[in-house]
Amino acid sequence: MPTTSWNRHHVLSLADFTPDEYNIVLQTAASFREVLSRRTKKVPALQGQVIANLFFEPSTRTRSSFELAAKRLSADTLNFASSTSSMTKGETILDTAKTYLAMGTDIMVIRHKDAGVPQAIAQEMDRLDVRVSVLNAGDGQHEHPSQGLLDLFTITTLLNPENPRLELLAGKKVAIVGDILHSRVARSNIWSITASGAELHLAAPPTLLPQLFADFGKNRPGKLFLHWELDAALADADFVMTLRLQKERMTANLLPSLREYHHRFGINRERLAQCKPHVKVLHPGPVNRGVEISSDLMDDPEFSLIQTQVTSGVAVRMALLYLIGSSKVA
Ligand code: CP
């Protein structure tokens with residue numbers, strides 16, 4: 001496994017990921033994808049380490065795949081959900097984290113509805129001078145780095161199954177369509193895709209794509225374009241990523257209606273005709289069928305990579321846990 005230039009103790013954001021770091025994750029995930037295809041899908045890499053999944057916000061994919069990834073690496077796992085925890089009796093987030101620290105946790109995987117919570121816990125662990133790593137599993141509308149990495153792995157593996165690398169995306173056209181304003185997935189993907197040298201096109205109604213997103217494209221290898229209509233974003237695209245309307249993070253009525261939204265920005269077969277013939281569609285999930293993507297397209301294996309993304313998530317999260325866990329004992 002390629003761990004030589006991995007020095008990162010926490011994974012909180014992709015904003016400062018280097019090309020080397022992307023490629024180490026991609027290559028390590030490719031090795032684990034091979035492990036997951038074996039009859040015995042388990043390796044002893046993190047035997048004896050304790051990984052705590054601290055989910056203060058609901059999750060299906062991220063929580064389950066981090067848990068499965070930890071188990072495939074032979075780590076011991078602790079699962080926390082705030083609704084069934086002592087937080088209902090007034091315990092704070094930091095005291096919850098310190099409780100898991102006292103039980104010998106080595107890596108904390110943290111999801112929270114508010115931006116900055118994983119960063120705050122990582123800072124507290126560093127202040128306490130304990131060698132506990134924090135992995136951001138999605139914080140508010142800030143970032144979802146493991147999702148950005150699994151999306152990158154899904155795309156680059158399609159381009160070269162044996163040797164997925166960041167550079168494979170250079171010169172490709174990627175469109176991200178939907179509720180970009182509220183999406184942590186979009187932010188992490190903006191960092192990874194613009195790092196690759198691809199052209200990234202963001203498309204949404206103006207209320208969900210403010211002009212300030214143009215700043216994300218400054219001083220990046222790849223070019224970033226903003227569109228408030230769909231057609232120019234889809235024209236000749238190689239990959240289209242659709243996003244859910246995140247109503248739980250909307251503080252005002254930002255759209256006339258879901259029907260109107262689907263009519264203008266929903267992805268369906270007819271719209272894909274503008275893209276390259278081999279175009280593939282991604283969605284981080286969960287999906288609102290018939291809103292951001294038509295139900296039949298979501299289930300069509302000729303175009304949809306949605307199930308592949310979920311499968312990729314286990315190998316990529318194994319890679320992250322392995323890289324962080326191995327660097328802790330080094
Ligand atoms: N993509 C994603 O984060 O899904 P979950 O909310 O189910 O984890």
Side-chain angles (χ1 to χ4, degrees), residues 11-14 25 29 51-72 77-84 107-119 134-155 157 174 176-193 204 208 239-250 267 280-289 291-293 297-299 304-321:
V11 176
L12 302 170
S13 163
L14 297 185
V25 172
I51 296 171
N53 287 317
L54 307 183
F55 278 66
F56 300 91
E57 186 206 80
S59 164
T60 297
R61 281 147 283 269
T62 312
R63 190 217 304 250
S64 299
S65 61
F66 264 118
E67 183 180 356
L68 185 56
K71 287 179 168 161
R72 296 291 193 220
T77 54
L78 296 170
N79 286 312
F80 161 94
S82 49
S83 58
T84 54
I107 301 175
M108 294 182 186
V109 178
I110 297 173
R111 166 169 290 193
H112 199 282
K113 68 177 177 49
D114 293 331
V117 170
Q119 290 80 352
V134 174
L135 262 165
N136 179 0
D139 64 323
Q141 57 192 60
H142 171 233
E143 278 219 46
H144 194 346
S146 66
Q147 180 72 46
L149 291 167
L150 79 86
D151 292 339
L152 184 66
F153 182 71
T154 303
I155 291 174
T157 297
V174 182
I176 300 182
V177 180
D179 184 359
I180 290 160
L181 175 64
H182 299 103
S183 175
R184 54 197 176 207
V185 174
R187 284 169 177 78
S188 290
N189 270 289
I190 289 170
W191 293 129
S192 62
I193 294 166
L208 299 179
F239 297 96
V240 178
M241 182 180 296
T242 61
L243 300 172
R244 183 174 64 90
L245 292 173
Q246 287 147 96
K247 291 193 213 109
E248 71 277 16
R249 293 187 204 131
M250 290 186 190
I267 302 298
K280 299 289 180 199
V281 177
L282 298 97
H283 191 306
V287 176
N288 290 138
R289 286 177 182 263
V291 180
E292 62 267 15
I293 182 170
L297 183 60
M298 177 180 169
D299 295 329
S304 173
L305 292 176
I306 295 172
Q307 292 303 316
T308 310
Q309 286 171 274
V310 177
T311 305
S312 298
V314 181
V316 168
R317 288 172 175 133
M318 283 176 81
L320 288 171
L321 293 173

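Because only heavy atoms are used, hydrogens play no part in the values below, and waters and symmetry mates are left out as well, while side chains stay in. Ligands are counted one by one from 1 in listed order, and the atoms in each one are counted from 1 as well.
Taking a cutoff of 4.0 Å between a charged side-chain nitrogen and a carboxylate oxygen, Glu57 and Arg111 qualify as a salt bridge. Using a 4.0 Å cut-off between charged nitrogen and carboxylate oxygen, Lys71 and Glu67 count as a salt-bridge pair.
Atom 6 (O) of ligand 1 has its closest protein heavy atom at Arg111 NH1, 2.9 Å. Of the protein's heavy atoms, Pro284 O, 2.9 Å lies nearest to atom 1 (N) of ligand 1. In this structure, the protein non-hydrogen atom closest to atom 4 (O) of ligand 1 is Arg61 NE, 3.1 Å.
Less than 4.0 angstrom separates some heavy atom of Thr60 from each of these atoms of ligand 1: 5 (P), 7 (O), 8 (O). The contact set between ligand 1 and Thr62, taken as ligand atoms under 4.0 Å from a residue heavy atom, comprises 2 (C), 3 (O), 4 (O), 5 (P), 8 (O).
A donor-acceptor pair under 3.5 Å is formed between the side chain of Arg187 and the backbone N or O of Leu181. A distance-only check finds a donor-acceptor pair linking the side chain of Asn136 to the backbone of Leu12 [under 3.5 Å]. Of the possible polar contacts, one joining the Asp139 side chain to the Glu143 backbone as a donor-acceptor pair under 3.5 Å is found. Panel note: side chain Glu292, backbone Val287; no donor-acceptor pair is recorded below 3.5 Å.
Geometrically, ligand 1 and Gly285 share a nitrogen or oxygen pair separated by less than 3.5 Å.
The shell of residues lying under 4.0 angstrom from ligand 1, judged by heavy atoms, excludes Glu57.
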